Amino acid sequence: MSDEEDIILSELDDEELVAQMMDDLYDGLKDEIEEGTNILLERGWEPYDVLTKALVAGMTIVGHDFRDGILFVPEVLLAANAMKAGMFILKPLLAETGAPKVGKMVIGTVKGDIHDIGKNLVGMMMEGAGFEVVDLGINNPVENYIDAAAQEEADIVGMSALLTTTMPYMKVVIDEMIAQGIRDDYIVLVGGAPLNEEFGKSIGADAYCRDAAVAVETAKEFMARKHNQAAAG
Ligand code: B1M
């Protein structure tokens with residue numbers, strides 16, 4: 001029997017448990033991540049803290065080793081799968097605020113890009129903050145954003161990209177919105193690890209959002225402005 005099999009998660013203190021969950025995420029152990037998530041919640045942890053301090057922090061380590069060639073796609077997929085299992089438990093809790101709907105967002109990962117964890121997290125946090133969220137999934141061509149935004153009468157178009165090779169596609173979407181004369185009908189928010197503020201400005205987005213919490217704050221700010229303008233006009 002290996003040492004790992006001897007570990008009983010519920011017997012660890014919070015700090016040890018979080019460290020163990022990071023190891024388990026690294027090893028793609030879905031059941032253990034589910035168990036650890038539930039234990040932290042039972043101990044009174046806020047869902048957002050479980051998400052950021054255990055799951056997102058664990059995925060950051062995975063990302064470093066993926067970058068450095070220590071982990072490869074199959075292992076990272078397992079880690080992603082384990083992370084999603086934890087997020088699945090947290091989703092209803094993060095969305096449970098009962099706040100009145102403050103706006104509607106369509107969000108998707110851009111064409112050529114299949115990373116969806118960050119985008120899903122943004123969607124969850126936005127729902128938790130009272131936004132209605134329409135998730136377009138991954139690998140979205142420009143027409144998906146434009147059609148969905150019109151059909152859903154969205155306030156916000158959100159785009160996610162995790163690759164330096166796919167982030168320029170965000171400009172393709174915004175340029176097409178400009179060409180169709182609909183750019184100013186929507187608040188355009190962009191995010192993803194390789195982006196920054198300067199990039200957001202350079203492509204004509206309304207704002208770059210560093211993480212899901214910033215996305216929520218930014219969306220709220222822009223919605224408040226939109227309502228004020230409507231009231232004034
Ligand atoms: Co990929 N991958 N990956 N990958 N992957 C990265 C992004 C990479 C940085 C890893 C590395 O080298 N360190 C690197 C990109 C390098 C670059 O372009 N500069 C990379 C690469 C190279 C690749 C492949 C090309 C590998 C290959 O095949 N050789 C390939 C590409 C496939 C494709 O898309 N066409 C690939 C594949 C994969 C997997 C399929 C194995 C898997 C994805 C599984 C999935 O998503 N379902 C995967 C993963 C998991 C990662 C890392 C390890 C983790 C990404 C993640 O989920 N982070 C990643 C390394 C890293 O980013 N550290 C990496 C956790 C998530 C919560 O954070 O997504 O940043 P993040 O989202 C944050 C913010 O960015 C922001 O809020 C989120 C929450 O706080 N945000 C938004 C994100 N979207 C937003 C949208 C908004 C607002 C905020 O709209 C308003």
Side-chain angles (χ1 to χ4, degrees), residues 22 25-26 28 30 48-88 90-91 94 103-129 131 133-140 145 149 154-170 173-174 186-197 199-200 203 205-223:
M22 288 184 188
L25 190 80
Y26 192 94
K30 180 172 170 273
Y48 184 69
D49 284 341
V50 181
L51 183 66
T52 51
K53 293 180 181 160
L55 303 183
V56 173
M59 191 50 103
T60 304
I61 301 169
V62 171
H64 291 156
D65 282 4
F66 189 27
R67 177 195 60 205
D68 297 340
I70 298 165
L71 288 179
F72 296 95
V73 170
E75 290 124 322
V76 178
L77 264 179
L78 282 178
N81 202 27
M83 172 143 184
K84 282 186 175 181
M87 282 164 62
F88 185 75
L90 298 173
K91 182 174 179 173
L94 289 167
K104 193 169 192 180
M105 174 192 230
V106 297
I107 185 166
T109 306
V110 296
K111 188 173 169 181
D113 201 320
I114 62 168
H115 295 86
D116 67 355
I117 295 177
K119 182 259 302 161
N120 294 347
L121 199 48
V122 172
M124 278 184 207
M125 297 282 295
M126 292 286 290
E127 279 177 359
F131 283 85
V133 175
V134 179
D135 186 347
L136 305 178
I138 55 174
N139 196 21
N140 282 287
Y145 292 99
D155 303 292
I156 304 170
V157 173
M159 289 188 271
S160 179
L162 264 286
L163 299 171
T164 43
T165 48
T166 56
M167 57 191 239
Y169 195 77
M170 293 173 161
V173 177
I174 295 175
Y186 305 103
I187 299 157
V188 178
L189 303 181
V190 295
L195 279 64
N196 57 33
E197 195 118 17
F199 174 78
I203 61 167
D206 288 300
Y208 154 72
C209 309
R210 191 182 62 240
D211 59 29
V214 171
V216 167
E217 285 317 307
T218 311
K220 280 186 186 162
E221 255 173 56
F222 275 92
M223 285 307 295

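We count ligands from 1, going down the list as the structure has it; atoms in each ligand are counted the same way. These numbers come from a predicted model, not from an experiment.
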(request) With V122 as reference, evaluate M125, M126, K119 under the side-chain contact (heavy atoms from CB on, under 4.5 Å) test and give the passing residue. (result) M126
(request) Kindly say whether A154 contributes a backbone atom to a donor-acceptor pair with the side chain of Y186 at under 3.5 angstrom? (result) no
(request) Of the side chain and backbone of L121, name the one, both, or neither that has a heavy atom under 4.0 Å from an atom of ligand 1. (result) side chain
(request) Can you figure out which of M125, M105, K119, M159 has its heavy atom closest to atom 86 (C) of ligand 1? (result) M159
(message) Below 4.0 Å, non-hydrogen atoms only: which portion of P194 touches ligand 1? Side chain, backbone, both or neither.
(response) neither
(request) Identify, by atom number and element, the atoms of ligand 1 in contact range of D113, meaning under 4.0 Å from any of its heavy atoms. (result) 34 (O)
(request) Check whether any heavy atom of K84 sits under 4.0 Å from an atom of ligand 1. (result) yes
(request) Evaluate the 4.0 Å heavy atom contact test for atom 24 (C) of ligand 1: does a protein atom fall under the cut-off? (result) no
(request) Measure the distance from atom 73 (C) of ligand 1 to every protein heavy atom, then report the residue, atom name and distance (to 0.1 Å) of the closest one. (result) G118 CA, 4.1 Å
(message) At less than 4.0 angstrom from any non-hydrogen atom of C209, what atoms of ligand 1 do you find?
(response) 88 (C), 89 (C)
(message) Distance under 4.0 Å to a non-hydrogen atom of D211: what atoms of ligand 1 satisfy this?
(response) 76 (C), 77 (O), 80 (O)
(request) Begin with the C-alpha distance, continue with both residues' side-chain angles, and end with the deciding distance and a verdict on side chain to side chain contact (heavy atoms under 4.5 Å, CB included) for T52 and D211. (result) CA-CA 11 Å; T52 51; D211 59 29; over 6 Å; no
(request) Return a yes/no value for A212: is any of its N or O atoms, backbone included, closer than 3.5 angstrom to an N or O of ligand 1? (result) yes
(message) Please find the pair of heavy atoms, one from F131 and one from A219, that lie closest to each other, and give the distance.
(response) CZ-CB, 3.7 Å
(message) Please report the interatomic distance CG(D155) to CE(M223), rounded to the nearest 0.5 Å.
(response) 3.5 Å
(request) Using a strict cut-off of 4.0 Å, indicate which atoms of ligand 1 neighbour a heavy atom of M59. (result) 58 (N), 65 (C)
(request) Give, for atom CE of M159 and atom CD1 of I174, the distance between the pair rounded to the nearest 0.5 Å. (result) 4.5 Å
(message) What protein heavy atom lies closest to atom 44 (C) of ligand 1? Include the residue and the distance to one decimal.
(response) A80 CB, 3.8 Å
(request) For M83 and V56, run side chain to side chain contact (heavy atoms under 4.5 Å, CB included): C-alpha distance rounded to whole Å, both residues' side-chain angles, the deciding distance at 0.1 Å, then the answer. (result) CA-CA 8 Å; M83 172 143 184; V56 173; 3.9 Å; yes
(request) Look at atom 19 (N) of ligand 1 and find which of T164, N120, L189 reaches it with the closest heavy atom. (result) T164
(request) Would you confirm whether D206, through its side chain, and L189, through its main-chain N or O, come within 3.5 Å as a donor-acceptor pair? (result) no
(message) I need the nearest protein heavy-atom contact for atom 34 (O) of ligand 1: residue, atom name and distance, please.
(response) I114 N, 2.8 Å
(message) How long is the straight-line distance from CD1 of I70 back to CG of D65, given to the nearest 0.5 Å?
(response) 4.0 Å
(request) Supply the atom-to-atom distance L136 CG to Y145 OH, rounded to the nearest 0.5 angstrom. (result) 6.5 Å
(message) When you measure from the heavy atoms of G112 to every atom of ligand 1, does any distance fall below 4.0 Å?
(response) yes
(message) Test your reading of the structure: does S160 have an N or O sitting under 3.5 Å from an N or O of ligand 1?
(response) yes
(message) Set out, in order, the CA-CA distance, both residues' side-chain angles and the distance that settles side chain to side chain contact (heavy atoms under 4.5 Å, CB included) for L90 and Y48, then state yes or no.
(response) CA-CA 8 Å; L90 298 173; Y48 184 69; over 6 Å; no
(request) Locate the shortest heavy-atom distance separating H115 from T109; write the atom from each residue and the value. (result) O-OG1, 2.9 Å
(message) Within the 4.0 Å heavy-atom shell around R67, which atoms of ligand 1 are there?
(response) 11 (C), 12 (O), 13 (N)
(message) I'd like to know whether ligand 1 has H64 as a neighbour, heavy-atom separation below 4.0 Å.
(response) no
(request) May I ask you to check if ligand 1 and V122 share an N or O to N or O distance below 3.5 Å? (result) no
(request) State the atoms of ligand 1, each with its element, that fall below the 4.0 Å cut-off from a heavy-atom position in G191. (result) 81 (N), 82 (C), 83 (C), 84 (N), 85 (C), 86 (C), 87 (C), 88 (C), 89 (C), 90 (O)
(request) Can you list, by chain and residue number, the protein N, O or S atoms under 2.8 Å from atom 1 (Co) of ligand 1? (result) H115 NE2
(request) Identify, for atom 57 (O) of ligand 1, the protein heavy atom at the shortest distance, and state residue, atom and that distance. (result) I117 CB, 3.3 Å
(message) Protein non-hydrogen atoms only, distance under 4.0 Å: does atom 38 (C) of ligand 1 have such a neighbour?
(response) yes
(request) May I ask whether atom 9 (C) of ligand 1 is less than 4.0 Å from at least one protein heavy atom? (result) no
(message) Below 3.5 Å, N or O to N or O, backbone or side chain included: is there any such pair between G158 and ligand 1?
(response) no
(request) Specify the protein heavy atom at minimum distance from atom 45 (C) of ligand 1: its residue, its atom name, and the distance to 0.1 Å. (result) D116 OD1, 3.4 Å
(message) Is it the case that the side chain of N140 and the backbone of V110 share a donor-acceptor pair, with hydrogens and angles ignored and the cut-off at 3.5 Å?
(response) no
(request) Quick one: pull up CD1 in I117 and CG in L162 and give me the separation to the nearest 0.5 Å. (result) 8.5 Å
(request) Might you check, step by step, whether the distance between atom 82 (C) of ligand 1 and some protein heavy atom is under 4.0 Å? (result) yes
(message) I need the minimum non-hydrogen distance between K30 and A85, along with the two atoms involved.
(response) CG-CB, 3.6 Å
(message) Would you say NZ of K104 has more than 12 non-hydrogen atoms from neighbouring residues, nucleotides or ligands within 6.0 angstrom?
(response) yes
(message) Please report whether ligand 1 has a polar contact with T60, defined as an N or O pair separated by less than 3.5 Å (distance criterion only).
(response) no
(message) Using 0.5 Å steps for rounding, measure from the CG atom of L51 to the CE atom of M59.
(response) 11.5 Å
(request) Report yes if some heavy atom in the side chain of V62 is under 4.5 Å from a heavy atom in the side chain of M22; otherwise report no. (result) no
(request) Could you tell me which non-hydrogen atom of A207 sits nearest to which non-hydrogen atom of F222, and how far apart they are? (result) CB-CE1, 4.0 Å
(message) For a quick test of reading the model, state the closest non-hydrogen atom pair linking L25 to G58 and the distance between them.
(response) CD2-C, 3.4 Å
(request) Report the member of M87, R210, M126, M83 with the shortest heavy-atom distance to atom 74 (C) of ligand 1. (result) R210
